[in-house]
Amino acid sequence: MLFYKKKILVGITGGIAAYKVCFLVRSIKKQGGEVKTILTKAGERFVTKTTLETLSEEPVATDTFEPPSNEAILHIDLARWSDCFVIAPATANIIAKSANGIADDLLSTVILAHSGSIVFVPAMHTEMWENPATQRNIKLLRKMGHEVMPPGIGALARDKEGIGRMAESEEIESSIVNRLGLKEDLKGKRILISAGRTEEAIDPVRYISNRSSGKMGAALAEEALTRGAEVTIIAGIHNTQLPGEAAIIHTDTAQKMAAAVKKEVDKHDVLIMAAAVADYRPVNPVKSKIKKSKRGNLSIELEPTEDILGSLGKKKTNVVMVGFSVETDNVINNSRKKLSDKNLDLIILNNPLEPGAGFDVDTNIVTLIEKNKKPVKLPLLPKREVARHILDRVIHLI
Ligand code: CTP
């Protein structure tokens, strides 16, 4: 899932190499990316809108004045949407227009409206490539901070051999990977992540639970997927979108979560318990709704649930075990105690009383604690960034 949730905009101009871009679009999609395409009039002679629409699962943009949806300013919206903008094939014409700020159709207008660096993937006949005008335009583009991928030598339309062949899909992908700083350093690793909360029934309509939303677990899963891991999520109750690319096992109670984690753990290299598991459950959940009693207070007797990490830690295997520690007092010492009692490799402390940290927010403030190491406190960060730091540590522990 190298391109997981990355937004790639592809401009396609009129050249026979346009058919190769279909493979690029398919490949990025397969690896979790989102792709939008802009097709020029000449491009439409080589690939159809239907082909690109089917592969990208997005409407194809062709005309500045006829947006495919209700987007009011199509060229601006497209330019701002992308994490990476690629022009492939890039004809001598689009290179010339881009180098000189000409905007006379949708693609050239989006290029002019785009503020970042663009990847141009030239494809043309040798004579056009070698023409001093093209060479000057390429120099200009590079000077402006854009990347112009060198074309290959090989068969061209009507010519047996010459310079001007468009770079292959894999080369274009590696250029995108480099620009976006993507890495697949968890490829081949299997990561088990618990997310969300458990609910322990009092009666058929009431339960004991906590405020966990599942956002931290979801962010960890997304980050692990992006970095090439195979991810299984043991989901408790949650109110966030879990990545569909992960295998998801749904649970609701601490008991069911414990059973699912224990069943799965040995098939994985890493277990990250991000779920907020209830520590207690009612001893006797009542089968029918408890009626209000006029005689005063109601007591519910609670019994401890199984400490999932605690049980697994006792029979320590090769699985890297990561826990979370929710603490509001004596936070470092209490977390260190959990790290050692549960025999964990890493514990992530967060204090929900700190503004921006904890449950049901998109940010967190955490401290990473390992045995015999100085705790590392991270600043307030989006949960996805926190996930990146955690997995950076996990890699060293595998
Ligand atoms: N955990 C678990 N099984 C439980 C309770 C917690 O595996 N029954 C895991 C959590 O998923 C978390 C870690 O243990 O990764 C620590 O959870 P936390 O609630 O901070 O601590 P507890 O061990 O429950 O102790 P306390 O509530 O007293 O702080």
Side-chain angles (χ1 to χ4, degrees), residues 191-201 207-221 224 232-238 242 249 251-266 268 270-283 302-317 319-354 357-360 364-371 375 383 386-387 390-391 393-394 397:
I191 304 197
L192 183 61
I193 299 168
S194 72
R197 60 188 180 270
T198 65
E199 288 180 357
E200 313 300 327
Y207 57 83
I208 294 175
S209 192
N210 57 69
R211 294 180 195 281
S212 173
S213 58
K215 284 184 178 173
M216 194 59 241
L220 280 159
T232 308
I233 302 176
I234 309 287
I237 310 294
H238 54 278
L242 299 175
I249 299 167
T251 64
D252 49 13
T253 63
Q255 197 175 16
K256 286 188 197 157
M257 185 170 280
V261 172
K262 284 186 194 166
K263 189 167 168 228
E264 288 297 316
V265 69
D266 291 335
H268 292 80
V270 182
L271 165 65
I272 307 179
M273 280 294 294
V277 188
D279 288 330
Y280 292 93
R281 64 166 170 245
V283 176
L302 303 177
E303 64 183 358
T305 59
E306 179 180 356
D307 185 327
I308 306 172
L309 272 181
S311 311
L312 292 172
K314 281 197 190 101
K315 44 175 184 140
K316 186 82 173 144
T317 57
V319 181
V320 171
M321 296 228 290
V322 182
F324 274 75
S325 172
V326 178
E327 291 289 348
T328 53
D329 304 293
N330 201 8
V331 294
I332 297 282
N333 285 343
N334 285 346
S335 301
R336 274 213 185 277
K337 187 168 184 314
K338 276 182 207 167
L339 179 79
S340 107
D341 288 353
K342 300 189 192 216
N343 202 7
L344 306 178
D345 299 286
L346 169 66
I347 198 153
I348 319 296
L349 154 68
N350 70 300
N351 177 353
L353 298 184
E354 284 191 83
F359 300 132
D360 210 18
N364 210 348
I365 305 168
V366 303
T367 305
L368 277 53
I369 306 173
E370 285 173 67
K371 234 178 265 166
K383 284 190 169 160
V386 173
I390 294 172
L391 292 177
R393 273 319 301 155
V394 164
L397 295 166

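Order of appearance sets the numbers: ligands from 1, and atoms from 1 within every ligand.
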Any heavy atom of Asp307 under 4.0 Å from ligand 1? The part involved is both
Looking at Glu327, which atoms of ligand 1 are within less than 4.0 Å of one of its heavy atoms?
29 (O)
Which protein non-hydrogen atom lies closest to atom 5 (C) of ligand 1, naming both residue and atom, and how far is it?
Asp279 OD1, 3.3 Å
Just which atoms of ligand 1 are under 4.0 Å from any heavy atom in Gly323?
15 (O)
Check the pair Met257, Thr305 against side-chain contact (heavy atoms from CB on, under 4.5 Å), reporting the backbone distance first and the verdict last.
CA-CA 11 Å; Met257 185 170 280; Thr305 59; over 6 Å; no
Assess the residue pair Leu391 and Ile272 against the criterion (side-chain contact (heavy atoms from CB on, under 4.5 Å)); give the C-alpha distance rounded to whole Å, side-chain angles, the decisive distance to 0.1 Å, and a yes or no.
CA-CA 10 Å; Leu391 292 177; Ile272 307 179; 4.0 Å; yes
I'd like to know if Glu327 pairs up with Lys337 as an ion pair, taking the criterion as any Lys NZ or Arg NE/NH1/NH2 lying under 4.0 Å from an Asp or Glu carboxylate oxygen.
no
Thr251 (side chain) donor-acceptor with Lys256 (main chain) under 3.5 angstrom:
no
Report yes or no: does Ser194 contribute a side-chain atom to a donor-acceptor pair with the main-chain N or O of Ala274 at less than 3.5 Å?
yes
dist Leu309:CG -> Leu271:CG (nearest 0.5 Å) comes out at 6.0 Å
Which ligand 1 atoms does Thr305 reach within 4.0 Å, using its non-hydrogen atoms?
8 (N)
Using non-hydrogen atoms of the residue, decide whether Ser325 is closer than 4.0 angstrom to ligand 1.
yes
Distance (rounded to the nearest 0.5 Å) between Leu242 CG and Lys215 NZ
12.0 Å
Distance to 0.1 Å, residue and atom name: give those for the protein heavy atom nearest to atom 4 (C) of ligand 1.
Val277 CB, 3.6 Å
Phe324 versus ligand 1: do any nitrogen or oxygen atoms come within less than 3.5 Å of each other?
yes
Using a 4.0 Å heavy-atom cut-off, which part of Glu306 comes near ligand 1: side chain, backbone, both, or neither?
backbone
Are any of the N or O atoms of Ile308 closer than 3.5 Å to those of ligand 1?
yes
Under 3.5 Å: donor-acceptor pair, side chain of Asp341, backbone of Gly310
no
With a 4.0 Å cut-off on heavy atoms, is Met257 in contact with ligand 1?
no
Side-chain donor-acceptor pair present, Thr232, Glu264, cut-off under 3.5 Å
no
For atom 6 (C) of ligand 1, which candidate among Lys342, Met273, Arg281 provides the closest heavy atom?
Lys342
Is the contact between Ala275 and ligand 1 made by the side chain, the backbone, both, or neither, using heavy atoms and a 4.0 Å cut-off?
backbone
Residue and atom name of the nearest protein heavy atom (relative to atom 18 (P) of ligand 1), distance in Å to one decimal
Lys338 NZ, 3.5 Å
Taking every heavy atom of Pro304 against every heavy atom of Arg281, the minimum-distance pair comes out as O-NH2, 4.4 Å
Checking side-chain contact (heavy atoms from CB on, under 4.5 Å) for the pair Leu346/Ile369: CA distance, chi angles, key distance, verdict?
CA-CA 6 Å; Leu346 169 66; Ile369 306 173; 5.9 Å; no
Distance-only N or O hit between ligand 1 and Val326, under 3.5 Å
yes
Can you find a protein heavy atom closer to atom 27 (O) of ligand 1 than 4.0 Å?
yes
Considering distance alone, does some N or O of Leu309 sit under 3.5 Å from an N or O of ligand 1?
yes
